[in-house]
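Worksheet: one structure, shown below.
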Amino acid sequence: MMMNGCHVMAKPTGSVCNIDCNYCFYLEKDALYPERKQNWRMSEETLEQFIRQHIEAQAGEQVLFAWQGGEPTMIGLPFFQRVIALCEKYGQGKQIQHALQTNGMLLNSEWAAFFAEHDFLIGLSIDGPQHIHDTYRVTRSGAGTHQRVVEAMSLLKVHDVTFNTLTVVGKHNASHAREVYEFLLDAGSRHIQFIPLVERISTSDSVTLNLVLPGESAATLAPWTVPAWQYGDFLSQIFDIWVRRDVGRVSVQMFDVALSAWTGQPPVLCVHAETCGHAFALESNGDLYNCDHFVYPEHLLGNIHQQDIRELNNGEQAMAFGEAKRDSLTTDCRTCEFRFVCHGGCPKHRFAVSPTGHLGHNYLCAGYKHFFKHITREMNIMRDVLAAGYPAETIMQILAQESRAGQSNSRNAVCSCGSGKKYKKCCGK
């Protein structure tokens, strides 16, 4: 049997965090481990098992360790110094990289120097300018965290640490697309991820976790959930800026997803891959789950102290979970013109009814369709430009030429640069 590689999102602190984001889907996972409230840190034994097994589970020569939480920096810098030592011990000559997602609250010069020395990729969570970010991303006392995050980003830049920004898109910022995008660029981000916020709250009185699985019928949309069509419009507005000004200098993950699909390349994000099942979540006690978004008892694969990661990765449960992503598509999805890029989206979001009345449809479908339709022409151009051997940013010249040609016929039209002035008084001077 061919061995599959796998990705593991390791959570050395479990769900323990030093801030209290109102919309966080992971904070309540502590209810699954009541016995670990005082002993939430990943042990030395579990860490060593994980490092060894994860390296051995990879089919190729490259190994990526992904650290998340909760807030992983709460476990302290000595833990990650031990991570480096164990990777050297078990590395087998493979190329090992590390990525860590953080809220930035504990970052200081010592952390930043360590990240720089060991080439960590840092994912920094920030939802936009202060009045937007501080809507939900607050401390336990309700204070905003924005200033601390901005300071953390500055620290990463000073130490030349590679980082990207992770922006949750929900009701609080979906109508501020341009403002959010321009803020992130001004702050220094050049690698941007926009993550749709979609959660449902249980309406049952007898549940352990309030945020439910897709198949649960007794649930209602959480108030912070992004409206489906608006998510697509958010991406479309930013795309219109990016494709005319920022191609080649700014990477936006969803635009990379689309371009990869349009050019026939492998998917760059599991959400839009045809199948999944090999991207796991590891709790601090060694429990391995199907996915970060499926940390529920019915999706527990096993514990790495009893079964190794390679065995669990190639086991029947992991395979079935991944293949179900493709096999459970609604009829609407199967016949959709954008199936090649979307593949039905994340199984977590498949709780809606399709336009033709089929259950298990992706809640974000309307937004995805709006976005993919909106970018089709430009994606076709970029596909052809790349096929001809030119860089993707050539599209900016093509669109600028088109704009000038159109404006030369109407010098009294509003200038496309966004200034609000007439073309003849602005770029047409």
Side-chain angles (χ1 to χ4, degrees), residues 7 9 62 64-68 72-73 95 97-104 107 111-112 114-129 132-133 137 146 149-169 173 176-197 231 234-263 265-273 279 292 341 371 375 378-379 382 386 391-393 395-396:
H7 176 81
M9 189 176 290
Q62 293 190 330
L64 173 64
F65 283 92
W67 306 96
Q68 203 186 61
T73 59
Q95 299 175 24
Q97 296 177 298
H98 297 272
L100 182 144
Q101 184 174 335
T102 178
N103 57 37
L107 297 194
W111 274 106
F114 173 82
F115 292 148
E117 179 183 359
H118 298 288
D119 296 320
F120 271 58
L121 168 63
I122 302 303
L124 189 64
S125 295
I126 185 165
D127 284 358
I132 293 172
H133 175 95
R137 301 191 66 82
H146 186 268
V149 181
V150 170
E151 291 169 0
M153 194 186 305
S154 298
L155 198 60
L156 295 174
K157 288 189 288 184
V158 166
H159 287 264
D160 291 323
V161 177
T162 304
F163 72 93
N164 56 34
T165 49
L166 313 175
T167 299
V168 170
V169 182
N173 59 1
H176 301 275
R178 180 164 193 149
E179 183 182 4
V180 168
Y181 182 61
E182 299 292 11
F183 166 80
L184 293 173
L185 295 193
D186 290 345
S189 178
R190 293 296 178 267
H191 298 272
I192 299 169
Q193 294 182 34
F194 292 118
I195 304 165
L197 180 54
Y231 175 62
F234 176 94
L235 294 174
S236 298
Q237 289 183 46
I238 292 172
F239 181 85
D240 287 346
I241 302 169
W242 176 84
V243 78
R244 288 166 175 80
R245 189 189 72 190
D246 298 330
V247 181
R249 79 179 187 105
V250 179
S251 169
V252 179
Q253 188 183 58
M254 270 301 293
F255 306 162
D256 293 343
V257 166
L259 187 56
S260 177
W262 250 270
T263 55
Q265 301 300 308
V268 299
L269 184 65
C270 62
V271 169
H272 295 295
D292 181 43
V341 59
F371 172 60
I375 68 174
E378 287 83 358
M379 280 293 156
M382 280 199 280
L386 289 167
E393 47 264 41
I395 191 173
M396 294 188 292

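Quick caveat, the model's predicted, so the values are computed rather than measured. Along the sequence shown, residues carry numbers from 1. All values below come from the heavy atoms of this structure, side chains included, with hydrogens, waters and symmetry mates left out.
In this structure, OG1 on T73 lies 6.0 Å from CG on N103, to the nearest 0.5 angstrom. Atom CG of residue L156 and atom OG of residue S189 lie 11.0 Å apart, to the nearest 0.5 angstrom. In this structure, the separation between CG on L166 and CG on N164 is 5.0 Å, given to the nearest 0.5 Å. The distance from the CD atom of E378 to the CG atom of D240 is 7.0 Å, given to the nearest 0.5 Å. Here CE of M379 is found 5.0 Å from CG of L259. Values are rounded to the nearest 0.5 Å.
Minimum heavy-atom separation, A116 to H159: CB-O, 3.4 Å. The two residues S125 and Q101 come nearest to each other via the heavy atoms OG-NE2, 3.6 Å. Taking both residues in full, the closest heavy atoms of H7 and A66 are given as CE1-CB, 3.6 Å, listed atom of the first, atom of the second, then distance. Between V161 and F120, the closest heavy-atom pair is CG1-O, 3.9 Å. Closest of all the heavy-atom pairs between F163 and G188 is CZ-O, 3.7 Å. A pairwise comparison of heavy atoms in L386 and T263 identifies CD1-CG2, 4.0 Å as the closest pair.
Side-chain atoms of H146 come within 3.5 Å of backbone atoms of G128 as a donor-acceptor pair (strictly under, hydrogens ignored). Side-chain atoms of S260 come within 3.5 Å of backbone N or O of P266 as a donor-acceptor pair. Counting only distance, with no hydrogens or angles, the side chain of D127 and the backbone of V168 share a donor-acceptor pair below 3.5 Å. Judged purely by atom type and a 3.5 angstrom limit, D292 has no side-chain atom pairing as donor or acceptor with the backbone of M9. Proximity of a side-chain donor or acceptor of K157 to a complementary backbone N or O of A152 within less than 3.5 Å is not detected.
For an aromatic pair to be called close, the ring centres must be under 6.0 Å apart, and F183 with H133 fails this. Between F234 and F371, a ring centre-to-centre spacing not shorter than 6.0 Å is recorded.
Between T165 and Q193, the closest side-chain pair of non-hydrogen atoms is not below 4.5 Å. In this structure, the side chains of M396 and V243 stay at 4.5 Å or more apart for every pair of heavy atoms. Residues T167 and V180 meet the side-chain proximity criterion, which asks for heavy atoms closer than 4.5 Å. The side-chain heavy atoms of R178 and I241, taken from C-beta on, include a pair separated by under 4.5 Å. Considering only heavy atoms from C-beta on, L185 comes within 4.5 Å of I192 through its side chain. Proximity of I238 to F194: side-chain heavy atoms (C-beta onward) are separated by under 4.5 Å at one or more points. The side-chain heavy atoms of I122 and T102, taken from C-beta on, include a pair separated by under 4.5 Å.
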Do any side-chain atoms of residues 246-255 form donor-acceptor pairs under 3.5 angstrom with protein atoms, and if so which ones, sequence neighbours left out?
unit_1: D246; atom_1: OD1; unit_2: R249; atom_2: NE; d: 2.9
unit_1: D246; atom_1: OD1; unit_2: R249; atom_2: NH2; d: 2.9
unit_1: D246; atom_1: OD2; unit_2: Y181; atom_2: OH; d: 2.7
unit_1: S251; atom_1: OG; unit_2: D256; atom_2: OD2; d: 2.6

* Asked: Going through the distances and angles, do F115 and T162 end up as a side-chain contact (heavy atoms from CB on, under 4.5 Å)?
  -> CA-CA 9 Å; F115 292 148; T162 304; over 6 Å; no
* To do: Take Q97 and L121 through the side-chain contact (heavy atoms from CB on, under 4.5 Å) test and state the conclusion after the steps.
  => CA-CA 8 Å; Q97 296 177 298; L121 168 63; over 6 Å; no
* To do: Let me see the working for Q68 and L100 under side-chain contact (heavy atoms from CB on, under 4.5 Å), right down to the final yes or no.
  => CA-CA 6 Å; Q68 203 186 61; L100 182 144; over 6 Å; no
* Stepwise, does the side-chain contact (heavy atoms from CB on, under 4.5 Å) test hold for L124 with V149? -> CA-CA 8 Å; L124 189 64; V149 181; 3.9 Å; yes
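Below 30°, between 30° and 60°, or above 60°: for F114 and H118 the angle between ring planes is between 30° and 60°, a tilted geometry.
Comment: E393 does not engage R244 in a salt bridge, judged by the lack of any side-chain N to carboxylate O separation of less than 4.0 angstrom.
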